Structure formats: structure tokens, C-alpha cells
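First comes the structure, then the notes that go with it.
These values consider heavy atoms only, across backbone and side chains, with no hydrogens, waters or symmetry-generated copies. Not measured: the values here are computed from a predicted model. Naming convention: chains lettered A, B, ... in sequence-line order (proteins, then strands); numbering from 1 in each chain.
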Number of protein chains: 2
Amino acid sequence: MSQSNPQLNLDNQICFRLYSASRQVTRLYQPLLKEVGLTYPQYIVLLILWEQDGQLVKEIGERAELNSNTLTPLLKRLAERGLVTRSKNPDDERQTFIHLTQAGKTLEQSCACIPAQMMAKAGLSMEQIQLLKQSLDVLMAQGQR
Amino acid sequence: MSQSNPQLNLDNQICFRLYSASRQVTRLYQPLLKEVGLTYPQYIVLLILWEQDGQLVKEIGERAELNSNTLTPLLKRLAERGLVTRSKNPDDERQTFIHLTQAGKTLEQSCACIPAQMMAKAGLSMEQIQLLKQSLDVLMAQGQR
DNA sequence: CATGATTTAATCGTGTGCGATTTAATTTAG
DNA sequence: CTAAATTAAATCGCACACGATTAAATCATG
């Protein structure tokens with residue numbers, strides 16, 4: 001427990017907790033997502049499309065805070081699985097529209113129970129959830145490129 | 001903003017905030033870590049070694065919540081850069097000891113200023129930090145395999 | 001003391017993340 | 001109207017994460 005530089009102590013590093021907690025949450029989701037055959041980032045992208053179908057790669061990227069170098073391969077995998085379609089915008093061929101297929105839309109029903117199950121797994125009270133949200137929002141507000 | 005299933009709304013998903021915030025923090029670290037030529041996970045591993053030099057891969061893994069399939073390549077990169085050494089434990093040749101080199105020890109001084117700079121960047125009050133820590137600790141307490 | 005179980009790292013394969021660059025299409029300026 | 005600048009997506013390269021397996025060493029049990 002003794003250490004030369006207390007500033008560097010891992011237990012004091014909020015960053016490490018955040019990094020661990022984020023991966024922990026992904027792990028908690030895994031058994032639920034495995035049933036529908038999705039990875040966690042794929043699930044995030046589908047959440048975005050279930051909110052609003054027919055978005056551009058760029059729009060999905062802004063929502064998920066991911067760039068095309070991550071999204072393009074991910075979306076191609078979703079397309080291969082028949083959950084979305086990728087089509088050029090005829091009015092601006094630089095853009096690619098992502099649309100849900102019927103299978104992609106249907107999958108939303110299968111995922112409807114996930115949030116409630118996750119809330120139970122996370123073991124946080126509503127109050128704690130609210131506090132956590134607030135803190136994370138402050139963090140996210142920094143460095144809005 | 002309207003949506004069929006409010007349960008799935010991304011804004012309500014604490015998971016998404018956590019996932020975004022974690023990557024946001026990594027991005028905030030990057031300019032600082034770039035100066036010392038480290039990635040964020042490499043920095044985490046060095047923090048662990050600066051706390052206690054000469055640990056087994058397994059021990060580092062327990063601290064960082066990472067397995068050998070992630071750690072082995074990462075540690076090999078740190079070894080190639082001359083920051084650590086990897087050596088078999090002669091008393092139990094299944095185990096590999098990781099020791100800091102002089103360069104690895106010296107690097108701690110160069111990193112001493114990072115936490116304070118990060119605190120400033122994060123823009124959280126001490127109170128918010130404490131609340132965030134508590135919430136994350138509750139999350140981490142779930143599913144201790 | 002021999003053999004099966006366990007432990008520890010390493011390895012393999014897949015899927016992110018992300019900096020950097022490329023390509024193609026569109027917009028802007030001169 | 002055309003060349004330069006900008007934009008959107010794709011591509012490339014590298015470094016994680018992690019499930020699954022493998023290989024080697026040690027332990028446990030009969």
C-alpha cells in the first residue's frame with residue numbers, strides 16, 4: 001500500500017475506475033446480447049437506428065461518438081447478417097444511408113427486455129443512476145471537439 | 001425524440017454514457033501520454049508496476065482486470081521499448097515476472113504531473129469525483145467472477 | 001510414483017477504436 | 001466555369017479486449 005507518489009496511486013485514479021467499469025458493463029451485457037447474436041457496439045448502433053431509421057453513417061457516428069473507420073466495418077457486418085442495408089444517397093453520392101431491414105426492426109422486440117435486466121444486474125439505485133449520469137455528462141461536456 | 005420503446009432510448013441508457021465517457025477520458029489522456037509515448041492501457045499497467053515492482057502477469061491481470069491474451073502482447077511491447085523485463089520464475093516456470101527497467105522507473109517521474117493535469121481537464125469538482133467513484137465502485141462490485 | 005487435474009502464459013481469431021491517409025463527390029472562390 | 005478546398009466514407013495500420021484453445025509446468029491423489 002505504501003507508494004512513493006500518492007498522485008499516481010491507481011486507487012485514486014478515477015480514470016481507471018471508469019475504464020474498468022465500462023468494460024464491466026460490457027461484460028454484464030454479454031450474456032444478454034449473446035442470445036441475439038450482437039456485440040455491444042453493434043447493439044449501440046442498433047439502438048440509434050431503432051430511435052430513427054435511415055440515418056447517414058456520419059449521423060450515426062455523431063450519436064455514437066464513432067468515426068467511419070470504426071463504423072464502416074461494423075455496419076458491413078450488420079449488413080452481412082441482414083439487419084441493415086447500406087445505400088448511397090443519390091442526391092449526394094458521398095453519403096451512405098443505413099436502413100433497418102425487417103429482421104433489424106424485428107430484433108428490437110427481442111431486445112426490449114435488456115435494459116430492465118441490465119438495471120437489475122447493475123445493482124444501482126435510481127438515485128445512484130441519476131448521480132452517475134450527471135457526473136458522466138459533466139465529463140462528456142469537456143473537450144467537445 | 002418520439003420513440004416506440006422508451007426503455008431502449010439511448011439517452012436513458014447509463015451504459016452508453018459510461019461507454020462514451022470511458023473513451024472520452026482515454027482521448028483526454030492521449031495528448032499527455034503521447035509525450036511519453038504510451039497508450040492508455042500501457043499507462044495503467046505501468047501505474048500497477050510503479051505501485052509494486054516485480055509482479056507476475058497474473059497479478060497485474062488481477063489488478064487491471066485483464067487476461068494474458070491482452071497483457072502478453074502489451075507487456076512484450078513495453079519490453080521492446082526497454083521499460084520492463086520479462087523473466088520466468090525459476091521456482092515455478094509457469095509464471096512470468098515483470099520487472100521495471102531503470103528507464104521504466106525513471107518514466108514515473110515524467111508521468112507525475114499527469115493526474116493533476118487530467119483532473120483539470122475533466123472539469124469535475126472534488127465532490128463530483130467522490131460521487132462518481134462511489135457509483136462506479138457499486139457497479140464494479142457486481143459480478144466479481 | 002505415476003497419472004489426471006489444475007494452473008499460468010502464450011497463442012489464435014474476431015471485433016472494435018482510432019490516427020492517418022485515400023478516394024470520390026460536392027462546394028466554393030476566383 | 002474551373003481549380004482549390006471541403007466533405008463523407010472507406011481504407012490502412014496498430015493496439016487493445018476477450019472467448020477459446022494450447023502448451024508447459026506443477027499439484028494432487030490414489
task: Let me know the distance between OH of A:Tyr29 and P of C:dG15, rounded to the nearest Å.
output: 21 Å

- request: Figure out the CD/C1' separation between A:Glu93 and D:dA10, and round it to whole Å.
  value: 15 Å

query: How long is the line joining CZ of A:Phe97 and C1' of C:dA25, in whole Å?
result: 15 Å

field: Interatomic distance, B:Leu75 CG vs D:dA17 C1' [rounded to whole Å]
entry: 14 Å

message: How many whole angstroms separate atom CD of A:Glu80 from atom P of C:dG15?
response: 9 Å

query: A:Asn69 side chain: which of D:dC12, D:dC18, D:dT7 is closest?
result: D:dC12

message: Using only atom types and a distance under 3.5 Å, with no angle test, would you say the side chain of A:Arg23 pairs donor to acceptor with the backbone of B:Glu65?
response: yes

query: Side chain of A:Asn67, base of C:dG17: donor and acceptor closer than 3.5 Å?
result: no

- request: Check whether the side chain of A:Ser68 and the base of D:dA10 form a donor-acceptor pair under 3.5 Å.
  value: yes

Options C:dA9, D:dA10, D:dA15, nucleotide nearest the side-chain atoms of B:Gln95: C:dA9

task: Look at the side chain of A:Leu74 and decide which nucleotide, out of C:dT16, D:dT26, C:dA10, has an atom nearest to it.
output: C:dT16

- line: Per atom distances to the B:Thr70 side chain, the nearest of C:dT16, C:dC18, D:dC18 is D:dC18

task: Tell me what A:Leu56 touches on the nucleic acid: a base, only sugar-phosphate, or nothing, going by heavy atoms under 4.0 Å.
output: sugar-phosphate

message: Applying a strict under-4.5 Å side-chain criterion to I, L, V, M, F, W and Y, I'd like to know whether A:Tyr29 and A:Leu124 cluster together.
response: yes

- request: Check whether any side-chain heavy atom of A:Met126 sits under 4.5 Å from a side-chain heavy atom of A:Met119, and report yes or no.
  value: yes

message: For the backbone of B:Val57 and the side chain of B:Thr96, can you confirm whether one donor and one acceptor N or O come within less than 3.5 Å of each other?
response: no

task: Could you check how far CD of A:Glu59 sits from C1' of D:dA9, rounded to whole Å?
output: 14 Å

D:dA9 OP1/OP2 closer than 4.0 Å to side-chain N/O of A:Arg86: no

statement: Ranking A:Tyr19 and A:Pro73 by the position along DNA chain D of their nearest nucleotide, the one closer to 5' is A:Pro73

field: Nearest to side-chain heavy atoms of A:Lys34, which nucleotide of D:dA15, D:dA20, D:dA10
entry: D:dA20

query: A:Asn89 or A:Gln42: which one's nearest nucleotide on DNA chain C is closer to the 5' end?
result: A:Gln42

field: Earlier contact from the 5' end, DNA chain C, for A:Thr39 and B:Thr72
entry: B:Thr72

message: Using OP1 and OP2 only, check whether a side-chain N or O of A:Tyr40 sits under 4.0 Å from D:dA17.
response: no

field: Aromatic ring pairing A:Tyr19/B:Tyr40, orientation class (parallel under 30°, perpendicular over 60°, tilted between)
entry: perpendicular

- prompt: Do A:Glu62 and A:Lys58 meet the salt-bridge criterion of a basic N to acidic O distance under 4.0 Å?
  reply: yes

- prompt: Between atom CG in A:Asp92 and atom P in D:dA9, what is the gap in whole Å?
  reply: 9 Å

- request: Please state how far atom NZ in B:Lys76 lies from atom C1' in C:dA9, giving the value in whole angstrom units.
  value: 9 Å

- prompt: What nucleotide, of D:dC18, C:dG19, C:dG17, holds the atom closest to the side chain of A:Leu66?
  reply: C:dG17

message: Closest-nucleotide mapping onto DNA chain D: is B:Arg94 or B:Pro41 further toward the 5' terminus? I mean the 5' end.
response: B:Pro41

message: Can you identify which nucleotide, out of D:dA10, D:dC16, C:dA9, has its nearest atom closest to the B:Arg77 side chain?
response: D:dC16

query: Taking the side chain of A:Thr96 as heavy atoms from C-beta outward, which of C:dA9, C:dT11, D:dA10 is closest to it?
result: D:dA10

